[in-house]
Enquirer: 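My questions all concern the structure below.
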Amino acid sequence: MKFEEYLNTLQQKTVAVIGIGVSNRPLIELLLDRGVAVTACDKQERAALGEYADTLEAKGARLRLGADYLEELTEDVIFRTPGMRPDLPQLTAAVARGSVLTSEMEVFFEVCPCPKIAVTGSDGKTTTTTIIAELLKRAGRTVHLGGNIGHPLLAETGAMSPEDIAVLELSSFQLMTMTQSPHIAVVTNLAPNHLDVHKDFQEYIDAKENIFTHQTAQDIAVFNADNPYTAEEAGRAVGRARLFSRQRELEDGVFLRGGTIIARSGGQEREVMRVSDIKLPGVHNVENYLAAIAAVDGLVPDEVIRDFAREFGGVEHRIELIRTRKGVRWYNDSIASSPSRTIAGLNSFPEKVILIAGGKDKGIPYDVLGPVVNDHVKLLLLCGATAGVIRRAVERADNYNGLEILDVADYHEAVSIADSRASEGDVVILSPASTSFDRFKNFMERGKVFKAIVNQLP
């Protein structure tokens, strides 16, 4: 269905949009501009929305705000916000009454006129998605970046052409109810995550698999051969499965041979670039490039990949160098909201680091973090709700050897202590291994606050 056709189907219907945050505002305003009867629902009270509430009402929106914002959903079409489970009682009751439950991303897949490349996984999604998008841009393609990164794309669909490419980062929440898959799907890796929202790890895996289970025989799915979950998934690919690996050579995929990245297909292979061409630190970023190269193989010349890798310094909040002061390097890795992300961050440095960690607990195990912290950390500073959980994981690990662990009240105290204890050549890194929601709106706000404190050091 074309974009305009879909909008026309809503003309005689009522629509509820759940969530009036930044990600849904373009959708709400688009529908209102087309004369659709929109009810905008949000758990925030009117005062929290400020003048925007008046703006929406002036455009014709009906507002349903506060604690009861999900009650009495009777609209014909309901757009849920990505982080909301689709099986909430209020939503299932609405569907039973005849409402159609959907999301901005589901509709985008239905009406997008151009090919789609989508990336999911537990770690590395944003960096891999960014690399793919930037490589395609440098190869001369018009790229629309969105999903869980960038900005919502549905409202911009009318300006897209069939020759463009949409590059999307998709979360497990966005994928839970997806019934379409992209032309090229990438699964970077899988590890327990978001178990505070998902019923269990299997539900999380099942959601992620929607990125490739609705493909056709003409589509491509890229999997991490070194991860047991994604390697197993490759056997269930509907279309062509391409693998990537740091650890072994592959018949069809992208892999490391010594310090060289090799692409192999149909019995033919070629050298794409050297690992030394990659400016980003860490073996996990080598994996991100392997995944991206497998996805754009045949779409982007190798020389473009090499030139980009030598220049690209990374995405904000992902092992981001804030400053070097008195020979001490300070890094912001606020994106690390799980143990696996922090493990990848710690493995990026040859020296032992001063680690600042802790945040909100999302119900995932921390045992795997303990041994890595003991091997890679010289001083551990903990704050937030997971401070005790992380401490126990470290102290109970078989390789615990008396690592100094200090509880701190906040990042101001953590930075002050780290600054007083660090010597020339040291690394200090914020890599929380936890979500930010105990003290911050999101990992981006957390990272910006940390960066500001570090930059205030005299």
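Starting from 1, each residue takes its place in the sequence as its number.
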Enquirer: Using modelled atom types only, decide if a donor and an acceptor are shared between the side chain of T127 and the backbone of G124 within a distance under 3.5 Å.
Expert: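 Not confirmed, T127 side chain does not pair with G124 backbone.
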
Enquirer: Using the six-membered ring wherever Trp is involved, compare the ring planes of F440 and Y411 and label them parallel, tilted or perpendicular (cut-offs 30° and 60°).
Expert: parallel

Enquirer: Salt bridge (charged side-chain N to carboxylate O under 4.0 Å, His left out) with E320: which of K451, K448, R329?
Expert: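 The option that passes is K451.
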
Enquirer: Is there a side-chain contact between C41 and L73 (heavy atoms, below 4.5 Å)?
Expert: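 With C-beta onward as the side chain, the pair touches.
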
Enquirer: Can you give me the closest heavy-atom contact between A221 and Q215, atom names plus distance?
Expert: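 Of all heavy-atom pairs spanning A221 and Q215, the closest is CB-OE1, 3.5 Å.
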
Enquirer: Is a side-chain N or O of D410 found less than 3.5 angstrom from the main chain of E413, in a donor-acceptor match?
Expert: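 Pair found, side chain donor or acceptor close to backbone of E413.
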
Enquirer: Return the CG to CD distance between L63 and Q44, rounded to the nearest 0.5 Å.
Expert: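 Rounded to the nearest 0.5 Å, the CG-CD separation comes to 12.0 Å.
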
Enquirer: List for me each residue that meets side-chain contact (heavy atoms from CB on, under 4.5 Å) alongside P152, sequence neighbours excluded, and say none if there are none.
Expert: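 With sequence neighbours excluded, P152 shows a side-chain contact (heavy atoms from CB on, under 4.5 Å) to S23, P26, E104, given in chain and number order.
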
Enquirer: Before giving the answer on side chain to side chain contact (heavy atoms under 4.5 Å, CB included), spell out for V286 and L256 the whole-Å C-alpha distance, their side-chain angles and the decisive distance to 0.1 Å.
Expert: CA-CA 9 Å; V286 175; L256 281 187; 4.1 Å; yes

Enquirer: Taking the six-membered ring for Trp, are the ring centroids of F223 and F212 within less than 6.0 Å of each other?
Expert: yes

Enquirer: What's the verdict on side chain to side chain contact (heavy atoms under 4.5 Å, CB included) for I343 and L369, showing C-alpha distance, side-chain angles and the deciding distance?
Expert: CA-CA 7 Å; I343 289 170; L369 182 61; 3.9 Å; yes

Enquirer: Please determine, by modelled atom types, if D361 and T386 share a side-chain donor-acceptor pair under 3.5 angstrom.
Expert: no

Enquirer: Looking at R34 and E29, is there a salt bridge between them, counting it only when a charged N and a carboxylate O are closer than 4.0 Å?
Expert: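 No, this pair does not count.
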
Enquirer: Can you tell which of L382, L381, V408, I429 makes a side chain to side chain contact (heavy atoms under 4.5 Å, CB included) with I356?
Expert: L381

Enquirer: Carefully, step by step, assess R246 and E287 under the rule salt bridge (Lys or Arg N to Asp or Glu O under 4.0 Å).
Expert: CA-CA 7 Å; R246 284 194 303 112; E287 292 183 353; 2.9 Å; yes

Enquirer: Can you find a side-chain donor-acceptor pair between E233 and T230 that sits under 3.5 Å?
Expert: no

Enquirer: Within a radius of less than 6.0 Å around CD of E51, do more than 12 heavy atoms belonging to other residues, nucleotides or ligands occur?
Expert: no

Enquirer: Is there a donor-acceptor pair under 3.5 Å between the side chain of T9 and the backbone N or O of L7?
Expert: no

Enquirer: What is the minimum heavy-atom distance between D333 and I319, and which atoms define it?
Expert: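 Heavy atoms only, the tightest pair is OD1-N, 3.0 Å.
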
Enquirer: Side chains of K208 and S172 only: does a donor on one sit below 3.5 Å from an acceptor on the other?
Expert: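 Judged by distance alone, the side chains do not pair up.
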
Enquirer: Run the side-chain donor-acceptor check on residues 12-22: report pairs under 3.5 Å with partners two or more places apart or on a different chain.
Expert:
residue: T14; atom: OG1; partner: D76; partner atom: N; Å: 3.0
residue: T14; atom: OG1; partner: D76; partner atom: OD2; Å: 3.3

Enquirer: Report the residues that fulfil ring-ring contact (aromatic ring centres under 6.0 Å, His included) with F349, sequence neighbours left out, ordered by chain and then residue number.
Expert: Y331

Enquirer: By ring-ring contact (aromatic ring centres under 6.0 Å, His included), which residues pair with F255, not counting sequence neighbours?
Expert: none

Enquirer: How far does CG of N332 sit from OG of S431, to the nearest 0.5 angstrom?
Expert: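 Going from CG on N332 over to OG on S431, the span is 9.5 Å.
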
Enquirer: Could you measure the distance from the CG atom of L65 to the NZ atom of K43? Nearest 0.5 Å is fine.
Expert: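 Reported value, rounded in 0.5 Å steps: 13.0 Å.
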
Enquirer: For D87, give me all partners under side-chain hydrogen bond (donor to acceptor under 3.5 Å, both in side chains), at least two apart in sequence or on another chain.
Expert: R85

Enquirer: I would like to know whether E110 and K2 meet salt bridge (Lys or Arg N to Asp or Glu O under 4.0 Å); could you show each step before the answer?
Expert: CA-CA 8 Å; E110 185 177 348; K2 294 183 178 180; over 6 Å; no

Enquirer: With the side chain counted from C-beta on, respond yes when M176 and R80 share a heavy-atom pair under 4.5 Å apart, and no when they do not.
Expert: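 M176 reaches R80 side chain to side chain.
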
Enquirer: Could you tell me whether R46 and D54 make a salt bridge, using a distance below 4.0 angstrom between a side-chain N and a carboxylate O?
Expert: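 A salt bridge links R46 with D54.
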
Enquirer: Aromatic rings Y229 and F201: how do their planes relate, parallel, tilted or perpendicular, breaks at 30° and 60°?
Expert: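 Y229 vs F201 ring planes: perpendicular.
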
Enquirer: Take atom CD in E57; do more than 12 heavy atoms of anything else shown fall under 6.0 Å from it?
Expert: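 Above 12, so yes.
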
Enquirer: Under a 3.5 Å cutoff, is there a donor and acceptor pairing between the side chains of R341 and S122?
Expert: no

Enquirer: Just wondering, are more than 12 heavy atoms of other shown residues or ligands nearer than 6.0 Å to CD in Q90?
Expert: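 Result for CD/Q90: enclosed.
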
Enquirer: Can you list, pair by pair, the side-chain donor-acceptor contacts under 3.5 Å of residues 297-304, counting residues two or more places apart and other chains?
Expert:
residue: D297; atom: OD1; partner: R270; partner atom: NH1; Å: 3.3
residue: D297; atom: OD1; partner: R270; partner atom: NH2; Å: 2.5
residue: D297; atom: OD2; partner: R242; partner atom: NH1; Å: 3.2
residue: D302; atom: OD1; partner: R270; partner atom: NH2; Å: 3.2
residue: D302; atom: OD2; partner: R270; partner atom: NE; Å: 2.7

Enquirer: Begin from the C-alpha positions of S103 and Q174 and carry the test side chain to side chain contact (heavy atoms under 4.5 Å, CB included) through to its verdict.
Expert: CA-CA 8 Å; S103 67; Q174 289 170 310; over 6 Å; no

Enquirer: Using the salt bridge (Lys or Arg N to Asp or Glu O under 4.0 Å) rule, take R240 and D252 through it: C-alpha gap first, then chi angles, then the decisive distance, then the call.
Expert: CA-CA 10 Å; R240 176 189 177 191; D252 184 5; 3.0 Å; yes

Enquirer: So L10 and L31, do their side chains get closer than 4.5 Å, heavy atoms only?
Expert: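 Of all side-chain heavy-atom pairs linking L10 with L31, at least one is under 4.5 Å.
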
Enquirer: Say you draw a straight line from CG of L175 to CG of D206; how long is it, rounded to the nearest 0.5 Å?
Expert: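 Spacing of CG (L175) from CG (D206) equals 11.5 Å.
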
Enquirer: Before accepting this row, confirm whether a basic side-chain N of the pair R236/E209 lies closer than 4.0 Å to the acidic partner's carboxylate O.
Expert: yes

Enquirer: Between H214 and M178 (side chain of the first, backbone of the second, donor and acceptor by atom type, cut-off under 3.5 Å), is there such a pair?
Expert: yes

Enquirer: Can you confirm whether the side chains of N442 and S436 place a donor and an acceptor under 3.5 Å from each other?
Expert: no

Enquirer: Run the side chain to side chain contact (heavy atoms under 4.5 Å, CB included) check on L168 and I117 step by step: do they pass?
Expert: CA-CA 6 Å; L168 311 162; I117 300 176; over 6 Å; no

Enquirer: Out of curiosity, M84 CE to L91 CG, how far, rounded to the nearest 0.5 Å?
Expert: 6.0 Å

Enquirer: Between the side chains of T74 and R97, does any donor sit under 3.5 Å from an acceptor?
Expert: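 Note: T74 and R97 side chains miss the donor-acceptor criterion.
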
Enquirer: Is there a side-chain contact between P182 and I211 (heavy atoms, below 4.5 Å)?
Expert: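 A side-chain contact exists here, since the closest heavy-atom pair is under 4.5 Å.
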
Enquirer: Give, for atom CG of L56 and atom CG of L49, the distance between the pair rounded to the nearest 0.5 Å.
Expert: 8.0 Å

